[in-house]
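When reading the values below, keep in mind they use all heavy atoms of this one structure, side chains included, and skip hydrogens, waters and symmetry mates.
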Amino acid sequence: MEEDSNHLANPETPHSLEAETYEEEDGRDPESNSLRQPLLKRNRTLSSTPLALVGAKVSHIESLDYEINENDLFKHDWRRRSKVQVLQYIFLKWSLAFLVGLLTGLIATLINLAIENIAGYKLLAIVGFIEEGRYISGLIFFTGINFFLTLIAAVLCVCFAPTAAGPGIPEIKAYLNGVDTPNMFGATTLLVKIVGSIGAVSAGLDLGKEGPLVHIGSCIASLLAQGGPDNYRIKWRWLRYFNNDRDRRDIITCGSSSGVCAAFRAPVGGVLFALEEVATWWRSALLWRTFFSTAVVVVVLRAFIEICNSGKCGLFGTGGLIMFDVSDVKVSYQAMDVIPIIIIGIIGGLLGSLYNHVLHKVLRVYNLINHKGKMHKLLLALGVSLFTSVCQYCLPFLAQCRACDPSFPETCPTNDRSGNFKQFNCPDGYYNDLATLLLTTNDDAVRNIFSTNTTNEFHVTSILIFFALYCILGLITFGIAVPSGLFLPIILMGSGYGRLLSMAMGSYTNLDEGLFAVLGAASLMAGSMRMTVSLCVIFLELTNNLLLLPITMIVLLIAKTVGDCFNPSIYEIILELKGLPFLDANPEPWMRNLTVGELADVKPPVVTLCGVEKVSRIVDVLRNTTHNAFPIVDQGVPVPGMVATGATELHGLILRAHLVQALKKKWFLPEKRRTEEWEVREKFNWVELAERELKIEQVAVTRDEMEMYVDLHPLTNTTPFTVVESLSVAKALVLFRQVGLRHLLIVPKYQGAGVSLLT
């Protein structure tokens, strides 16, 4: 959050309460660092120009204006707003929620359709090479196709939209917490995210499309709310209602929940994910709209699945959308089953925290590589692709062929692109269990390892190789310059160790091995991401079995508790690495012992303006400071109802954007006086005051105009949040987070001669 000198308890970054911001130092590359330093240089001074990694790009960041600016123009517009306009606003909010769900569902279907067909035909071609015994040719083809697909995704991210790299969820979480992330929701980012996700997932990389879908839904929501891309924005009159950060925040929340719903076909889980993980401010009206958006998404997905099941979508139909149905399994518990359930939760918490710790170190190493230039980013992504392809193709040759059992519920063996019993290099009547897990899409791999009533399908060695490989791939794949999600890699790792634990338990438990895989995946996700309620509902919607509810809840609670004992969640770690500020829900203990007045003492004197200010003073302040708002203080004001005169009045707070608008409009007065209400309404309207793009460098002021005056009273927010200097930093932090503040005025505890009105 932007620091407006001493009168602000919270500067440009929410972490300013800890006096930590990020900026370039010594003229060096802001991305260069050693392994023991943050990804960006950290300056221990309070700075108003912080830097952060947004996607894979270093950008200047600032806060969002979630607070309603109650100046005279806003109050006049609010009083004259008719019932028709109110109904228009309500109708538009629900219409945008519908469009967000519709477009997210359509794009999710397109992505799944493209991935299933590209990956499917690639795998069918590999089967042809294997059947002909051309193993080397198959390896070259498999590696070459994956290399080409990864190259497309990486080139798009590196050269056209660096903000499209990664999952995008940490940046969305920071945005909804109050930090503007530049170019995060643009049209170019959206297109690169879609094409890049198709290329990266089709290339067989150990990443999912879940995180990118959350980002895609948020991009759609942002573009709809602002009327399109910046250069081609629709100036529709109704869209003026959404030309503010508050409503844009709400619609982006709808977009993030729609993305989760599109990824997992879990409408309730999507709403709870937005509530538990990404949203900072929540209310019942927003709950209804997010649920409506996810309902639209799931209807669109269901309609396309029905169409594709008839064979009209190529190879899409049996796979694609993650839906691991285990509803046919009868789950019964005994007293002895509590022990393995507790063990799963403990191991999930330990492995999840270990994964977070190691991934933290890997991302630091990757940053050293990436800061060397675009070519190094491309080489890193392509190197990971080559390693992944070679492992997926060659490791199945290490597995022993297993005889098909007539009791198997599916065809055995099979040479299709999907299925539980892939023949690969085995003779007729035998199948390769490791090829079943590796030479398939990630979605089908999860579906295979989650499959129930398959106690003897997988050998322990194959599961061990699968688990070890995806632990390595899960660490080295995340962080390369392609769109990537963390959900699916963690599910693959967790399901692998769940199967291993089930095999180790043997006859000591009656739970199915497939259910152990489900619980293992849930526990590892809780141990890494530290989500509970939303994960529980998502897994219930995925598996379609309510009987799993009690044991899933126990596993998630234990795993999260164990993980919290070691380190933060993976998204919090990424937020810290990227330098993205984030206001936590709970203040640190030391904040109780520090007041906002003491925090303000370490900052320069407050910069104030008069109610009727000289143009030259305004221009000087705007050119020499980066503050987002300035207090308006009038001297010699008569006190209503009292004989005394000469009082000092804190009239309010004026935004930097409004000062620039006043200069641009040439709203100058030849003499120092206050204007009438009708004068300001003739010159300004509240739609123009909502614009934030204009800079002081774009405004030209002549020498004669410098000597004129501007009446700032009509443009001033007369109801800013104001606190006494004795307020603790802990309470200030809670106030900033719960109300969504950007500015906070601090007044002294004592008033008198020689005491400044603002500290």
Side-chain angles (χ1 to χ4, degrees), residues 114-158 165 195-209 315 319 362 366 369 376-399 415 417-418 422 424-425 432-446 448-449 462 465-485 488-489 492-493 496:
I115 291 173
E116 289 295 307
N117 279 281
I118 294 173
Y121 285 114
K122 176 187 69 177
L123 294 172
L124 287 177
I126 296 301
V127 170
F129 284 110
I130 297 298
E131 289 179 343
E132 297 174 4
R134 299 163 58 191
Y135 300 132
I136 302 299
S137 299
L139 174 61
I140 295 173
F141 176 83
F142 184 70
T143 305
I145 291 294
N146 290 342
F147 184 91
F148 177 72
L149 293 171
T150 305
L151 180 64
I152 293 175
V155 167
L156 289 175
C157 286
V158 170
V195 179
S197 297
I198 294 173
V201 178
S202 300
L205 295 174
D206 185 25
L207 45 82
K209 51 187 178 292
L315 297 178
V362 172
Y366 277 11
I369 299 173
H376 288 79
K377 293 181 181 181
L378 289 174
L379 292 176
L380 178 61
L382 296 175
V384 171
S385 174
L386 289 174
F387 176 78
T388 302
S389 300
V390 171
C391 289
Q392 288 176 338
Y393 186 88
C394 296
L395 287 179
F397 288 99
L398 301 178
N415 285 321
R417 65 162 190 89
S418 62
K422 286 200 171 183
F424 193 57
N425 61 331
N432 189 312
D433 57 349
L434 193 53
T436 300
L437 298 175
L438 297 183
L439 279 179
T440 185
T441 62
N442 288 339
D443 290 356
D444 284 332
V446 177
N448 293 339
I449 203 168
S462 298
I465 294 174
F466 172 82
F467 174 65
L469 174 63
Y470 275 96
C471 283
I472 297 172
L473 295 180
L475 290 171
I476 67 173
T477 305
F478 187 81
I480 63 176
V482 296
S484 58
L488 208 53
L492 288 167
M493 287 186 286

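- The minimum heavy-atom distance linking A399 with L434 is given by the pair CB-CB, 3.8 Å.
- Residues A481 and V158 come closest through the heavy atom pair CB-CG2, 3.6 Å.
- Atom CG in L395 sits 11.5 Å away from atom CG in L437 (nearest 0.5 Å).
- Note on residues 133-148: pairs passing salt bridge (charged side-chain N to carboxylate O under 4.0 Å, His left out), not counting sequence neighbours, are E132-R134.
- Checking side-chain atoms of N442 against main-chain N and O of L205 turns up a donor-acceptor pair under 3.5 Å.
- Between the CD1 atom in I126 and the OG1 atom in T440 there is a gap of 13.0 Å [rounded to 0.5 Å].
- For the atom pair I152 CD1 and I198 CD1, the distance stands at 10.5 Å (nearest 0.5 Å).
- Considering every non-hydrogen atom in both Y393 and L439, the closest pair reads CA-CD2, 4.4 Å.
- Here the CD1 atom belonging to I472 is positioned 11.5 Å from the CE atom belonging to M493, to the nearest 0.5 angstrom.
- A distance of 15.0 Å separates CZ in F142 from OG in S137, rounded to the nearest 0.5 Å.
- Not counting sequence neighbours, S202 has no partner by the side-chain hydrogen bond (donor to acceptor under 3.5 Å, both in side chains) test.
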Per-pair distances, 0.1 Å, donor-acceptor, side chain in residues 378-390, under 3.5 Å, sequence neighbours excluded:
unit_1, atom_1, unit_2, atom_2, d
S385, OG, N146, O, 3.4
S385, OG, T150, OG1, 3.0
T388, OG1, V384, O, 2.8
S389, OG, N146, ND2, 2.9
S389, OG, S385, O, 2.9

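- In F148, the CZ atom is not crowded: 12 or fewer heavy atoms of neighbouring residues, nucleotides or ligands sit closer than 6.0 Å.
- A search for ring pair (Phe, Tyr, Trp, His ring centres under 6.0 Å) contacts involving F141 returns F129, not counting sequence neighbours.
- For the pair T441 and A119, the tightest heavy-atom approach, listed with the atom from each and the gap, is CG2-CB, 3.6 Å.
- Not a single donor-acceptor pair under 3.5 Å links the side chain of D206 to the backbone N or O of T477.
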| field | Worked check of side-chain hydrogen bond (donor to acceptor under 3.5 Å, both in side chains) between T436 and N448 | value | CA-CA 8 Å; T436 300; N448 293 339; 5.8 Å; no
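- Separation of atoms OG (S197) and CD1 (I115) is listed at 7.0 Å; rounding is to 0.5 Å.
- Residues passing the side-chain contact (heavy atoms from CB on, under 4.5 Å) test with P396 are F424, N432, A435, L438, sequence neighbours excluded.
- Here the closest non-hydrogen pair linking V482 and C157 is CA-SG, 3.9 Å.
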| message | Assess the residue pair F478 and V362 against the criterion (side chain to side chain contact (heavy atoms under 4.5 Å, CB included)); give the C-alpha distance rounded to whole Å, side-chain angles, the decisive distance to 0.1 Å, and a yes or no. | response | CA-CA 9 Å; F478 187 81; V362 172; over 6 Å; no
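- Taking each heavy atom of A200 and L207 in turn, the nearest pair found is CB-CD1, 3.9 Å.
- Classification of K209 and D443 as a salt-bridged pair holds, one side-chain N sitting under 4.0 Å from a carboxylate O.
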